[in-house]
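These notes are about the structure you will find just below.
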Amino acid sequence: MGQLLFADNSRAADLALDATVTMCRNVAFGLILVDGNLVNVSEACPVLAAWKSHDYTSDSRGSWLFANYWSLLLNGQGVAKLPWRVPFDPKDPVHTPNSLDTGNSAVRDAFGRAVLALRKAGVPLDAPLSDVQKVTRGGEQIPVHGSIGQLGVLNVITPGQVDGTQDVVFGSSFVQQVRFTAEGPPQAFSVLAYSQSADPESPHHADQTKLFSAGGWVTGRFTEEQIAASPDLLIKVLD
């Protein structure tokens with residue numbers, strides 16, 4: 001479960017990326033007219049085509065462009081209300097919706113607006129996610145993986161502004177996985193995405209944020225023996 005969560009795969013990209021790349025390549029002269037702006041999207045096509053992993057890990061390239069495109073396409077609507085050729089069917093929730101209708105002008109326009117937004121913000125279309133999705137602790141910028149739930153990413157993270165000048169504003173906080181075994185105590189792993197202390201002077205102000213950034217976990221100590229074995233154990237006896 002932990003590996004699945006931090007794989008940061010986007011179900012929306014699974015369903016719509018290939019169709020989006022094909023649409024991009026077929027735009028006449030590579031130009032889309034949106035909001036009075038003639039946007040050349042030809043440079044965006046190879047960027048998305050190279051994003052084969054469909055993930056929102058910190059080193060992914062093309063993911064930021066797709067996230068902005070998808071957000072603009074949603075425009076406050078639910079995913080099921082997007083222009084799918086095969087709409088959502090409650091009798092077949094696993095396989096529907098599918099086949100994004102890239103002939104719909106809303107899809108083309110959202111793509112053009114996303115490319116334009118990144119260019120206006122001075123963000124390269126192939127910028128790694130770590131350049132724009134991060135939090136600041138003690139003057140250090142820490143990359144944050146994951147993305148919005150509407151992209152079908154389980155590790156939900158709500159980023160700041162398009163240009164990456166605003167820190168992540170919402171998302172995964174306390175994350176825990178527990179394994180119950182036939183013999184022995186439960187095996188627990190957790191991480192605090194925002195770290196444990198709000199005090200900038202505390203050593204625990206950013207430690208778990210960095211651990212979260214790296215996809216790591218804190219091993220839980222359940223038994224007295226495990227607790228006693230902790231190198232950080234501090235015992236205070238109160239009279």
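These numbers come from a predicted model, not from an experiment.
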(request) Quick one: list whatever passes ring-ring contact (aromatic ring centres under 6.0 Å, His included) with F6, sequence neighbours left out. (result) H145, F212, W217
(request) Locate the shortest heavy-atom distance separating A121 from D163; write the atom from each residue and the value. (result) CB-CB, 3.6 Å
(message) Contact between P143 and L129 at the side-chain level, heavy atoms closer than 4.5 Å - yes or no?
(response) no
(message) Just verifying a value: how many Å separate L15 CG and H95 NE2, rounded to the nearest 0.5 Å?
(response) 11.0 Å
(request) Apply the test side-chain contact (heavy atoms from CB on, under 4.5 Å) to residues W84 and S99: give CA-CA distance (whole Å), side-chain angles for both, the deciding distance (0.1 Å), then the verdict. (result) CA-CA 6 Å; W84 300 101; S99 305; 5.6 Å; no
(request) Taking the six-membered ring for Trp and the single ring otherwise, decide whether the centroids of F111 and W70 are under 6.0 Å apart. (result) no
(message) With rounding to the nearest 0.5 angstrom, report the CG to CD distance, D167 to Q133.
(response) 10.5 Å
(message) How close do D199 and H205 get, counting heavy atoms only, and between which atoms?
(response) O-CB, 3.3 Å
(request) Please state whether the rings of Y69 and F66 are parallel, tilted or perpendicular, taking 30° and 60° as the class boundaries. (result) perpendicular
(request) Could you tell me which non-hydrogen atom of S213 sits nearest to which non-hydrogen atom of I142, and how far apart they are? (result) CB-CG2, 3.7 Å
(message) Tell me whether Q177 at atom CD has more than 12 heavy atoms from other residues, nucleotides or ligands lying less than 6.0 Å away.
(response) yes
(message) Whether the T96 and N98 side chains hold a donor-acceptor pair (N or O, under 3.5 Å, no angle test) is what I'd like checked.
(response) no
(request) Under the salt bridge (Lys or Arg N to Asp or Glu O under 4.0 Å) rule, collect the residues that match up with R113, sequence neighbours excluded. (result) D35
(request) Please report the shortest heavy-atom distance between Q226 and G220, naming the atom on each side. (result) OE1-O, 4.4 Å
(request) For V21 and A49, work out which heavy atoms get closest and say how close. (result) CG2-N, 3.8 Å
(message) When you compare the side chains of S230 and D232, does any donor N or O come within less than 3.5 Å of an acceptor on the partner?
(response) no
(message) In this structure, would V34 and V27 fall into the same cluster of hydrophobic residues linked by side-chain contacts under 4.5 Å?
(response) yes
(message) Would you say CD of Q77 has more than 12 non-hydrogen atoms from neighbouring residues, nucleotides or ligands within 6.0 angstrom?
(response) yes
